[in-house]
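Just the heavy atoms: all of them, side chains too, but no hydrogens, waters or symmetry mates, feed the values below. Model, not experiment: these values are computed from the prediction.
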Amino acid sequence: MDFNFLSTPRIVCESGGLGRIGSLMQDLSCTRALVVTDPGILACGFADEAAAALRAAGIEVEIFHKVEADPPIAVVEAAVEVARAFGADGIIGLGGGSSLDTAKVIAAAVANDQPITDMIGINQVTDKRLPLIQVPTTAGTGSEVTWVSVLTSESHEKKRYMHRSFCLTLPC
């Protein structure tokens with residue numbers, strides 16, 4: 001039986017790693033980062049900590065904090081519009097699996113100017129992704145190291161998005 005394991009090419013694991021996110025985004029040649037998170041992560045201060053580290057590195061930041069559990073496609077579409085309007089050239093997923101899955105799809109949709117519904121399935125992304133850093137704040141989903149995202153349609157069906165991606169992972 002053949003087996004092919006696809007995962008992120010690089011994982012950074014260090015105490016206080018969130019404070020280094022600005023230099024990591026610089027390494028990816030990013031100057032405008034969209035931080036994708038949920039209201040709880042925003043309330044506990046992690047999003048502001050990430051934004052401060054990015055600004056200290058000279059990177060402009062926009063925070064999208066409306067991610068929901070089992071992210072609805074409509075919420076992800078709204079985040080894509082925020083990323084485009086801001087001119088994001090890099091995406092940071094910050095939080096649990098829902099935020100990380102949302103960030104992956106945003107990075108692909110913005111880079112490809114492709115509707116999210118056209119990306120459902122395996123290798124349906126037409127070209128590339130924006131640089132992506134994933135910062136998990138929970139354990140268990142593994143979204144930070146997989147090439148899969150799961151979003152929820154208007155009819156409450158789980159839709160999978162599967163595409164090879166570049167993501168860099170570090171803990172809060």
Side-chain angles (χ1 to χ4, degrees), residues 5-14 17-38 41 46-47 49-51 53-55 57 59-67 71 73 75-116 118-120 122-138 141-151 159-172:
F5 182 76
L6 299 174
S7 186
T8 183
R10 181 176 176 203
I11 297 173
V12 175
C13 186
E14 62 185 52
L18 188 58
R20 228 171 52 101
I21 201 162
S23 65
L24 294 170
M25 284 303 275
Q26 285 176 328
D27 291 347
L28 298 173
S29 301
C30 296
T31 60
R32 299 177 67 81
L34 178 71
V35 176
V36 179
T37 195
D38 63 62
I41 295 297
F46 287 144
E49 185 179 340
L54 290 160
R55 288 184 184 111
I59 296 170
E60 294 184 50
V61 182
E62 180 77 24
I63 298 173
F64 181 85
H65 65 278
K66 297 179 182 177
V67 174
I73 290 173
V75 170
V76 182
E77 289 172 334
V80 167
E81 291 308 313
V82 169
R84 287 181 178 144
F86 175 63
D89 60 4
I91 306 295
I92 298 167
L94 175 62
S98 294
S99 293
L100 305 183
D101 280 1
T102 298
K104 289 182 210 179
V105 175
I106 294 167
V110 172
N112 293 298
D113 198 28
Q114 183 178 12
I116 291 172
D118 289 355
M119 298 182 338
I120 295 170
I122 300 171
N123 293 325
Q124 297 302 308
V125 175
T126 57
D127 194 14
K128 58 186 176 194
R129 288 189 170 200
L130 292 180
L132 174 64
I133 294 177
Q134 299 284 53
V135 185
T137 59
T138 61
T141 69
S143 183
E144 67 276 8
V145 295
T146 67
W147 66 302
V148 178
S149 291
V150 178
L151 303 182
K159 298 295 183 180
R160 68 176 187 243
Y161 298 75
M162 301 170 74
H163 190 267
R164 291 178 188 233
S165 67
F166 171 76
C167 58
L168 175 64
T169 305
L170 59 133
C172 277

Worksheet item: Between Glu60 (side chain) and Phe86 (backbone), is there a donor-acceptor pair under 3.5 Å?
Response: no
Discussion item. Would the distance check show the side chain of Glu77 and the main-chain N or O of Val75 forming a donor-acceptor pair, the cut-off being under 3.5 Å?
Written reply: no
Discussion item. My understanding is that only one of Asp38, Val67, Thr137 makes a side chain to side chain contact (heavy atoms under 4.5 Å, CB included) with Leu94; could you say which?
Written reply: Thr137
Worksheet item: Just how far is it from atom CD of Glu62 to atom CD1 of Ile92, taken to the nearest 0.5 Å?
Response: 12.5 Å
Fill in: Distance-minimising heavy-atom pair for Ala83 and Ile91
CB-CD1, 4.5 Å
Fill in: Reported CD1-to-CD1 distance for the pair Ile133 and Ile21, which is rounded to 0.5 angstrom
5.0 Å
Worksheet item: What is the minimum heavy-atom distance between Phe64 and Ala78, and which atoms define it?
Response: CE1-C, 4.3 Å
Worksheet item: If you round to the nearest 0.5 Å, how far is CG of Leu151 from CD1 of Ile116?
Response: 7.0 Å
Practice prompt. Looking only at non-hydrogen atoms, find the nearest pair between Leu18 and Ala50 and report the distance.
Written response: CD1-CB, 3.9 Å
Discussion item. Measuring only between side-chain heavy atoms, which start at C-beta, is Leu132 closer than 4.5 Å to Lys104?
Written reply: yes
Worksheet item: Who pairs with Glu49 by salt bridge (charged side-chain N to carboxylate O under 4.0 Å, His left out), at least two apart in sequence or on another chain?
Response: none
Worksheet item: Quick one: CD on Gln124 to CG on Asn112, what's the gap to the nearest 0.5 Å?
Response: 12.0 Å
Worksheet item: How long is the gap from CG on Leu54 to SG on Cys30, to the nearest 0.5 Å?
Response: 9.5 Å
Worksheet item: Which atoms form the tightest heavy-atom contact between Pro71 and Ser98, and what is the distance?
Response: CD-OG, 3.5 Å
Worksheet item: Looking at Ala103 and Gln134, what are the two nearest heavy atoms and their distance?
Response: CB-OE1, 3.7 Å
Response to the item:
All heavy atoms of Ala88 vs all of Leu34, minimum pair found to be CB-CB, 4.1 Å
Response to the item:
d(Phe46 CZ, Ile41 CD1) to nearest 0.5 Å is 6.0 Å
